[in-house]
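Every value quoted in this text rests on a predicted model; they were computed, and no experiment measured them. Nothing fancy with the numbering, it's 1 onward along the sequence.
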Amino acid sequence: DIPSHLDDLPPTMLKKDYASLPIMNSVDDVVKRVLSLEMASQREKLKVKTQQLVEKVRRSPNDNGSFELLSPSFTVAILTAKIRTLEEHLQRHPKDKSNRRLMLLELDRRRKMLGYLRRVNYGTFEHTCKELDIQYCPPQPYTRRLTKRWLVKKALCIKVFQEKQKLKAAVRLKQRRKWQARARAARE
């Protein structure tokens, strides 16, 4: 019941720490399953997903730890991994409101980062969206519906603000006159 684009990790893939050990070829299937990503924690799965998505947007194999890791395309890849992990979790636990909120926050951060990337470097933006299988739609411009109540409230707020400014101006004028009188007295 999990969509295929969310299930990027093969369940029989061994954790990175154990994959390169030569003894793993002669180990029983039960041990391999325990050491596989199927039994890994969510943090370890997220780490592997993040690495896979970062590999997709990496321009060349030499982009290991340079400035590129801080680039918007890498940030989008990391956010996408978090979002997909949270989506999987929410499919299993639909009433988990705190993780739904976290997912919406991450979606908003990714949308903002994609908007920035789109403005700054459109080619990288297109490449990143294509590689990560992301559909970007720019936000709608905000328009307030004008109602009579809102217009009256706004007029009242403006009137109150102007009255407050007049009172402040009178107080400032008194203070300025005091300072000027003190300055004249000090000079004489």
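- Clustering ILVMFWY residues whenever any of their side-chain heavy atoms sit less than 4.5 angstrom apart, transitively, puts V160 in a cluster other than the one holding I158.
- Salt-bridge formation is not detected for the pair R100/D96: no Lys NZ or Arg NE/NH1/NH2 atom is positioned less than 4.0 Å from an Asp or Glu carboxylate oxygen.
- Here CG of L167 is found 11.0 Å from CZ of R172. Values are rounded to the nearest 0.5 Å.
- Counting only heavy atoms from C-beta outward, the side chains of S73 and E131 never approach each other to under 4.5 Å.
- In terms of heavy-atom proximity, P72 sits nearest to Y116 at CG-CE2, 3.6 Å.
- Interatomic distance, I78 CD1 to R109 CZ, rounded to the nearest 0.5 Å: 9.5 Å.
- For the residue pair Y136 and G115, the shortest heavy atom distance occurs at OH-CA, 3.4 Å.
- Clustering ILVMFWY residues whenever any of their side-chain heavy atoms sit less than 4.5 angstrom apart, transitively, puts L173 in a cluster other than the one holding V171.
- For the atom pair L105 CG and I83 CD1, the distance stands at 10.5 Å (nearest 0.5 Å).
- To the nearest 0.5 Å, atom CG of residue L90 and atom NZ of residue K97 are 9.5 Å apart.
- Between R187 and R184, some side-chain heavy-atom pair lies under the 4.5 Å cut-off.
- The shortest side-chain heavy-atom distance between N99 and L102 falls under the 4.5 Å cut-off.
- When the shell of 6.0 Å around CZ of R111 is examined, it contains more than 12 heavy atoms from other residues, nucleotides or ligands.
- Linking ILVMFWY side-chain heavy atoms closer than 4.5 Å, directly or via other members, places L156 and L146 in two distinct hydrophobic clusters.
- Looking only at side-chain heavy atoms (C-beta outward), L114 and R110 come within less than 4.5 Å of each other.
- Under a 4.0 Å N-O distance rule, the pair E87/R84 does not qualify as a salt bridge.
- Distance check, rounded to the nearest 0.5 Å: CE of M113 to OG1 of T80 gives 11.0 Å.
- Annotation: the span from L104 atom CG to D108 atom CG amounts to 8.5 Å, rounded to 0.5 Å.
- In the hydrophobic clustering of this structure, M103 does not group with L79; members are Ile, Leu, Val, Met, Phe, Trp, Tyr whose side-chain heavy atoms approach within less than 4.5 Å, directly or through other members.
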K174/R177 under side-chain contact (heavy atoms from CB on, under 4.5 Å): CA gap, chis, key distance, verdict: CA-CA 5 Å; K174 286 180 185 177; R177 287 183 180 155; 5.9 Å; no
